[in-house]
Amino acid sequence: MGRTIVWFRRDLRVSDHAPLARAARRGAVVPVFVLDRALLHHPETGAARVAFLLHALAALDQDLRQLGGRLIVRSGDPVAVLPHLIESTQAEGIYAYTDCERIYGRVRDARLNAVLAQRQMKIRWFDPPASTDGLMPYPRYRSLWYRHMTQPHDPLPQRVVVPPEVSSDPLPDVATLGHRADGKPIPPASTAAARQRLDDFLTQKTDRYYWQLSYPSAEITTGLSPHLKFGVISVRECVQRVRQAADGGDHRVRRSQQQVINRLRWGSGFTQRFRYLPQLELRSLYQVFDQGGWEFDPDLYRAWQTGHTGFPIVDAAARCLQATGGYLALNFRSRAIYASFLGNLLGMDWRYGALHFMRHLIDGDCPIDHYQWAMQSGVTHCIDKPWTRIYHPGQVAVDRCDPEGTFIKRWVPELAHLPAHQLGQPPPQPNYPAPILAYKAARQRRVKHLEAQRQPLLTISNLIPHLATLPPDLTPFGTDLYGGEVAWAQAPYPALFPPALPLEHLDEAEAQALRTWFVAHINITPPKPSRSSRRRPAPDPNIRQLNLLEDMP
């Protein structure tokens, strides 16, 4: 009976798992997870996310045991660990999903391919659903995504037979791995827990999800993002469970269900962009934004990190992130307001914001986090769109997102005695800081700066000459602040696997296809001012159309 190593990475489940299903049909399986210090001590790795990972590994081991198997844990560089495991187990080769989250992972996988080829050992790579090497226009990818999401699940193995003589290292705790627990509550990490969370969402929140997405106090999110980041449940299973859920004929439920599916698709799309352009982990999409330089003030950065900016909704988001890891309580609108404050009003490099988020988010996923950070800072969707959104962090944001002040008062308790209409610009308080910037001046400064940078990009037909390229030094951003296991970044590497797009060799049609990934495919216009229950607010200068061809008032 043949033996196959199944290398688990960001796919910590036994259901809808093509490598495991195929390996189990062939014969004995060696299911292995390698604790890799280059990832565990990446400058963007947070202790809470490591804790969730360990819980997910324990749950995976239990699920394998229910099928007659068990998880084999190893520590070290997978490029050394896996060939040795093939030899010691007499396995015929390795099955694994490709992974495009990190440049490090693609360098590692290219090195592994080379080492295995030299030793005449085999590895078979499986692309996850909706991940593809082929460059295609985004509308075509969207169709591919829906097609993949409707395909049947890979079947759950009836039995997983693990050779009894293959030993496993014990699963360590967070401290053993060199991290200090930071007090964030860690959600249950099993597939069963993910399914229950999704079912609870579908029965309890879909009548209001779509309409309350902008209200952080509603805590209306699915809470599935950590499970999706580590593949505890597959995106395809989530999509199909949402589609199969009853809607009771309620259009609100149907709209919310579609919104959840849209967000799952967007997440896959961010990862596909990183598959094409791995430099998005380290650089802005267009060269001009990093060439022009960014401001940085360590004291202002620290005030933003710790929630002492003097803008209550920003400070509430900051403190919520550090206390909870964000996956449930910090919704997309709160993240956007918080991000816009650093990138647009303080004018700091979006990579400092992404770094801070990733060190605290339990659901931190590099393509999703980095791409949206760059987007909120106005440096991504620049062609065919002459405006950007700069969130007003004052009373406008309170009225729109936290009209009763519930979210702010929970996380900024020193302001809990104030009425909601004072939480945008609170009167001086003995234990709360004054605002660290003047919004109007900061916004005007940023608009002027973006206008100069974005002008050449507005109507380009071929974006290739303007794109940032992969730098020769792949050292992760933030290494100077937090250190990390980054020796791999200075070592020569044969290639990336999966490979990046060969930008220098793309023809005109391919360049046009790539362009479609970085434009809006619907007519997005800034929203009209909302009507407050207490009063009609003045038009929001923050989200009016910022025409970069004209001077702003």
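What's counted below: heavy atoms across the whole structure, side chains too, no hydrogens, waters or symmetry copies.
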Pairing donors with acceptors under 3.5 angstrom, does anything connect the side chains of [X] and [Y]?
X	Y	result
Glu295	His449	no
Gln272	Thr132	no
Trp294	Asp290	yes
Ser131	Asp127	no

Spacing of [X] atom [atom1] and [Y] atom [atom2] [to the nearest 0.5 Å]:
X	Y	atom1	atom2	result
Tyr141	His148	OH	NE2	9.0 Å
Met358	Thr45	CE	OG1	7.0 Å
Trp411	Leu330	CH2	CG	9.5 Å

Examine distances only and state if a side-chain atom of [X] and a backbone atom of [Y] form a donor-acceptor pair shorter than 3.5 Å.
X	Y	value
Ser340	Gln376	no
Lys409	Leu418	yes
Asp402	Ile408	yes
His360	Gly326	no
His466	Tyr286	no
Arg515	Leu463	no
Ser377	Val379	no
Ser256	Thr206	yes
Tyr276	Gly134	yes
Glu281	Ile103	yes

Exercise. According to the interplanar angle, ranging from 0 to 90°, do the rings of His370 and Phe274 count as parallel (below 30°), tilted (30 to 60°) or perpendicular (above 60°)?
Worked result: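 Perpendicular: the ring planes of His370 and Phe274 meet at over 60°.
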Problem set entry | Parallel, tilted or perpendicular: ring planes of Tyr338 versus His356, cut at 30 and 60 degrees |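 Tyr338 vs His356 ring planes: perpendicular.
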Looking at side-chain heavy atoms only, is the closest gap between [X] and [Y] below 4.5 Å?
X	Y	result
Asn344	Tyr391	no
Gln372	Arg335	no
Thr380	Trp350	no
Leu345	Arg446	no
Leu467	Leu514	yes
Leu496	Leu470	yes
Leu277	Leu285	yes
Leu213	Gln259	yes

Which residues pass the side-chain hydrogen bond (donor to acceptor under 3.5 Å, both in side chains) test with [X], not counting sequence neighbours?
X	answer
Arg255	Tyr210
Ser214	Arg333
His417	Gln429

Exercise. Under the salt bridge (charged side-chain N to carboxylate O under 4.0 Å, His left out) test, which residues partner Asp133, sequence neighbours left out?
Worked result: Arg275
Taking every non-hydrogen atom, the tightest pair across [X] and [Y]:
X	Y	answer
Thr306	Arg319	O-CG, 3.8 Å
Ala397	Ile313	O-CD1, 3.9 Å
Tyr104	Ala38	CZ-CB, 3.4 Å
Ile362	Thr324	CD1-O, 3.6 Å
Trp373	Ala339	CH2-CA, 3.3 Å
Ala130	Leu144	CA-CD2, 3.8 Å

Exercise. Can Tyr327 and Phe52 be said to form a side-chain contact (heavy atoms from CB on, under 4.5 Å), step by step?
Worked result: CA-CA 12 Å; Tyr327 78 99; Phe52 185 90; over 6 Å; no
Problem set entry | Aromatic centroids of Phe341 and Trp304 separated by under 6.0 Å | no
For this session: Would you please test Arg351 and Leu282 for side-chain contact (heavy atoms from CB on, under 4.5 Å) and show each step?
Result: CA-CA 8 Å; Arg351 290 169 290 191; Leu282 298 176; 5.6 Å; no
Exercise. Can we say Asp109 and Arg106 salt-bridge, meaning some charged N sits less than 4.0 Å from an Asp/Glu carboxylate O?
Worked result: no
Exercise. Does Glu485 come within less than 4.0 Å of Arg108, counting only side-chain N to carboxylate O?
Worked result: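 Looking at Arg108 together with Glu485, the answer is no, because their closest N to O distance does not fall below 4.0 Å.
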For this session: Keeping to residues at least two apart or across chains, list the side-chain hydrogen bond (donor to acceptor under 3.5 Å, both in side chains) pairs with something in residues 215-229.
Result: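 The answer is Glu101-Lys229, Glu219-Arg410, Ser225-Asp363.
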For this session: Could you check Phe201 against Val242 for side-chain contact (heavy atoms from CB on, under 4.5 Å), going step by step and ending with a plain yes or no?
Result: CA-CA 10 Å; Phe201 168 82; Val242 172; 6.0 Å; no
Problem set entry | Arg359: partners by side chain to side chain contact (heavy atoms under 4.5 Å, CB included), with sequence neighbours left out |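 Leu355, Tyr482.
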Problem set entry | Whether over 12 other heavy atoms sit under 6.0 Å from Glu508 CD | no
Problem set entry | Gln305 atom CD, neighbour heavy-atom count above 12 within 6.0 Å | yes
Problem set entry | Candidate pair Glu510 and His505, rule side-chain contact (heavy atoms from CB on, under 4.5 Å), full reasoning | CA-CA 9 Å; Glu510 290 169 324; His505 299 306; over 6 Å; no
For this session: Determine, for Phe289 and Arg283, whether the Lys NZ or Arg CZ falls below 6.0 Å from the six-membered ring centre while staying within 45 degrees of the axis.
Result: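 The answer is no, since Arg283 fails at least one limit relative to Phe289.
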For this session: Go through the steps for Tyr301 and Phe296 under the test ring pair (Phe, Tyr, Trp, His ring centres under 6.0 Å), then give the verdict.
Result: CA-CA 7 Å; Tyr301 181 53; Phe296 184 74; 5.4 Å; yes
